[in-house]
Amino acid sequence: PLRPPAWHESAASKRRAAISSCDGSTHRYRASIMIVYVWLSPSADSPRTSRTVYALALPHQGIWDEVVVRPSEVDTSGFGVYPRQTSRVDWAQLQQPLLLPYLGIETVVEDAHSLKLILSVLRGHFERLTVAELQAGTGHMYVRDGFCAIADRGERPRGALRGSKFKEPLPPETELLQVIQPDAANCSRQGLLTSESGSTSACYLLAADVQEVLHMGGDRSHLFDLLKAHGKYHHNDRHFATHVAHVWRKEEGYVLVNAHPAFADIFSLTGIVNEPAGNVSPTMKMVLGYAHMLSDDDPLMVEQGLRQPEGASSAWADGVVPPVGNDSRSTSERMVLYTTTRRSYALDQELTVDYGKCYCRDYSSWKHRARQPIFKAPLEQLDPKMMVAASWPQLPGWFNPNQQPICRPAFRRGADGAICVCDDEVQVVRARRKALGLRLDVLEDGMPDASANSRTNETSNPDCKHRDGAEKYEVPKRDTSVKAGAKKRQLAASTPTLSAFFDSKKRRTISAA
């Protein structure tokens with residue numbers, strides 16, 4: 001039996017969401033510098049054994065001063081993080097190691113299994129169905145258990161009154177998300193999970209609850225709608241698990257930190273840091289621990305002649321949350337951090353970090369080889385003017401409804417101003433279905449596809465036409481030595497996802513794709 005999943009929104013997420021929801025007028029305020037001097041420890045109550053003083057960079061009044069987001073040299077179609085010279089931080093000669101905290105929208109779950117389910121939803125790896133459809137296939141009634149729907153087999157807990165009612169059955173119209181069990185991936189039929197596969201190989205999540213858990217309700221509901229479009233094989237290469245890190249905190253549980261630029265969160269800048277190119281060493285490394293703010297009269301501060309900058313306390317209070325149940329205002333929760341590894345950095349040198357050997361890449365990076373998917377979507381083309389004029393946290397890309405790619409847009413605004421998901425290009429959908437070995441003459445709902453035999457080059461966007469010489473959507477030749485089911489599972493796991501988890505006992509970084 002699985003442990004019942006549960007979740008709650010962390011205090012850090014609530015506080016940061018309130019700060020980052022300010023309007024654009026807040027960006028006109030600038031702080032001259034915002035560095036907080038700290039020391040790190042593996043646990044909140046560990047004695048100080050190291051004499052290293054770190055400079056923790058934090059945003060103040062909506063601005064990151066020590067780093068800046070610009071078009072990336074590593075990812076030519078995206079953005080990266082670069083050093084920026086300030087009055088206190090001299091990147092040409094760093095006096096202390098600089099820390100960039102990995103902050104973002106947080107979700108807390110009780111166990112690792114629930115965390116894996118949430119990550120699967122963020123990747124769009126689910127099928128939609130209702131309770132009525134599930135009951136028709138299994139013959140069981142279903143009740144709520146956390147954000148899951150479980151079968152009610154009529155079992156009564158020991159000591160309960162006879163005839164008492166414990167849980168109300170879920171209404172038949174309740175929408176569910178069918179997610180393959182992380183520990184039963186081989187139970188699916190050729191890598192594609194359907195309701196006929198049975199409850200032993202799948203978990204059923206309450207769609208409305210999961211949407212709330214992932215902070216994709218209200219003004220962000222279009223993000224969840226895009227994940228739903230994966231069921232029609234539209235935009236499957238676009239999801240929201242590419243900028244996430246998760247960490248276990250003994251005070252709360254398993255915490256997922258989502259720094260995807262789609263959330264436009266001021267604090268999530270560290271999530272934009274890219275990996276280096278192939279055979280190139282990263283300029284930063286990933287660490288995890290508790291940060292402790294140093295007072296001006298601390299022996300380490302006195303010895304190095306340091307004092308906390310003006311406004312450091314307010315920046316710490318705004319961006320850093322103490323551990324749950326800990327009243328210490330000078331101790332942070334357990335965080336993922338990127339730290340510098342060099343004494344000197346050029347201002348035109350992009351900051352990079354290694355995501356770990358288990359990160360699933362479709363590109364070469366440092367010592368890691370690229371893992372080629374069975375279908376590779378066309379590269380995103382952005383307006384050069386948008387790239388130059390972009391400023392954090394509003395970046396152009398498929399995830400920004402107001403600054404979409406030139407072709408193959410993901411979102412559009414309807415007549416009433418509401419954000420809608422665009423249909424993916426016909427050629428892309430057909431190439432993806434062909435790579436999966438699916439029929440091309442029927443749609444996802446089983447109806448005939450009138451465009452299956454058509455050679456038109458029109459896309460779902462009437463303003464975006466294929467030009468002569470435009471990139472073709474090719475599917476790599478089939479490798480007969482690999483079974484079709486394995487290839488489909490490879491496609492499902494081929495999209496890069498940064499899910500970094502640091503094990504302090506083993507002193508190594510574990511990455512879960």
Side-chain angles (χ1 to χ4, degrees), residues 34-40 42 50 52-59 64-75 78-86 88-104 242-247 257 259 261 267-291 319-320 332 334-359 361 363-368 392 496-504 507-511:
M34 194 39 57
I35 286 291
V36 180
Y37 294 109
V38 300
W39 63 278
L40 299 180
S50 174
T52 303
V53 175
Y54 294 88
L56 176 66
L58 288 174
W64 288 81
D65 275 320
E66 292 71 36
V67 288
V68 62
V69 176
R70 296 203 304 262
S72 172
E73 296 180 355
V74 179
D75 181 8
F79 293 84
V81 179
Y82 293 80
R84 179 159 55 184
Q85 196 78 3
T86 61
R88 186 175 295 272
V89 176
D90 182 6
W91 284 91
Q93 190 175 1
L94 291 176
Q95 300 300 319
Q96 292 84 25
L98 190 72
L99 293 174
L100 295 179
Y102 200 106
L103 305 177
T242 53
H243 297 71
V244 299
H246 62 84
V247 57
V257 185
F267 287 88
S268 302
L269 180 141
T270 304
I272 307 299
V273 177
N274 293 312
E275 285 196 302
N279 299 320
V280 178
S281 300
T283 61
M284 306 186 79
K285 69 176 181 179
M286 188 186 306
V287 298
L288 189 144
Y290 294 82
V320 178
S332 76
R334 201 164 186 239
M335 297 190 299
V336 176
L337 305 126
Y338 293 172
T339 180
T340 55
T341 56
R342 306 175 184 180
R343 285 297 186 96
S344 179
Y345 289 81
L347 298 182
D348 59 351
Q349 180 182 20
E350 183 177 352
L351 300 177
T352 57
V353 72
D354 178 39
Y355 297 162
K357 64 180 181 180
C358 294
Y359 182 80
R361 304 165 179 81
Y363 56 87
S364 298
S365 174
W366 194 26
K367 300 179 180 180
H368 309 292
W392 179 257
T497 301
L498 170 59
S499 304
F501 174 82
F502 182 86
D503 186 346
S504 59
R507 308 303 298 174
R508 63 189 179 93
T509 301
I510 305 173
S511 298

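All values below were derived from every heavy atom in this structure, side-chain atoms included, with hydrogens, water molecules and symmetry-related copies excluded.
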For [X], check side chain to side chain contact (heavy atoms under 4.5 Å, CB included) against everything at least two apart and list the hits.
| X | answer |
| --- | --- |
| Lys367 | none |
| Ser364 | Ala370 |
| Leu347 | Pro83, Gln85, Trp91 |
| Pro59 | Trp64, Ile266, Phe267 |

Approximate separation, where rounding is to 0.5 Å, of [X] [atom1] and [Y] [atom2]:
| X | Y | atom1 | atom2 | value |
| --- | --- | --- | --- | --- |
| Arg342 | Ser281 | CZ | OG | 7.0 Å |
| Ile35 | Asp65 | CD1 | CG | 9.0 Å |
| Leu98 | Thr340 | CG | OG1 | 5.5 Å |
| Asp348 | Tyr82 | CG | OH | 8.5 Å |
| Leu100 | Glu66 | CG | CD | 9.0 Å |
| Ser268 | Tyr102 | OG | OH | 8.0 Å |

For the student: nearest non-hydrogen atoms of [X] and [Y], plus distance:
| X | Y | value |
| --- | --- | --- |
| Arg334 | Pro42 | NE-O, 4.1 Å |
| Tyr355 | Tyr338 | CE2-OH, 4.4 Å |
| Leu58 | Pro101 | CD2-CG, 4.0 Å |
| Val257 | Leu103 | CG1-C, 3.6 Å |

Original post:
Which pairs, with at least one residue in residues 269-278 and sequence neighbours excluded, count as a salt bridge (charged side-chain N to carboxylate O under 4.0 Å, His left out)?
Top reply: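 Salt bridge (charged side-chain N to carboxylate O under 4.0 Å, His left out) check on residues 269-278 returns Glu275-Arg361.
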
Set of side-chain hydrogen bond (donor to acceptor under 3.5 Å, both in side chains) partners for [X], sequence neighbours left out:
| X | value |
| --- | --- |
| Thr52 | Ser50 |
| Ser332 | none |
| Tyr290 | Glu251 |
| Ser72 | Asn274, Glu350 |

Can you check whether [Y]'s main-chain N or O pairs, donor with acceptor, with [X]'s side chain at less than 3.5 Å?
| X | Y | value |
| --- | --- | --- |
| Thr86 | Val89 | yes |
| Thr283 | Thr352 | yes |
| Ser344 | Gln93 | no |

Sub-4.5 Å side-chain heavy-atom contact between [X] and [Y]:
| X | Y | answer |
| --- | --- | --- |
| Met286 | Leu337 | no |
| Leu40 | Leu99 | yes |
| Arg84 | Val67 | no |

Subject >> Audit row: Val247, Met335, side chain to side chain contact (heavy atoms under 4.5 Å, CB included) steps and yes/no >> reply: CA-CA 8 Å; Val247 57; Met335 297 190 299; over 6 Å; no

**OP:** With sequence neighbours left out, write down each residue that passes ring-ring contact (aromatic ring centres under 6.0 Å, His included) with Trp366, or none if nothing qualifies.
**Re:**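 Counting only residues at least two positions away or on another chain, Trp366 forms no ring-ring contact (aromatic ring centres under 6.0 Å, His included).
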
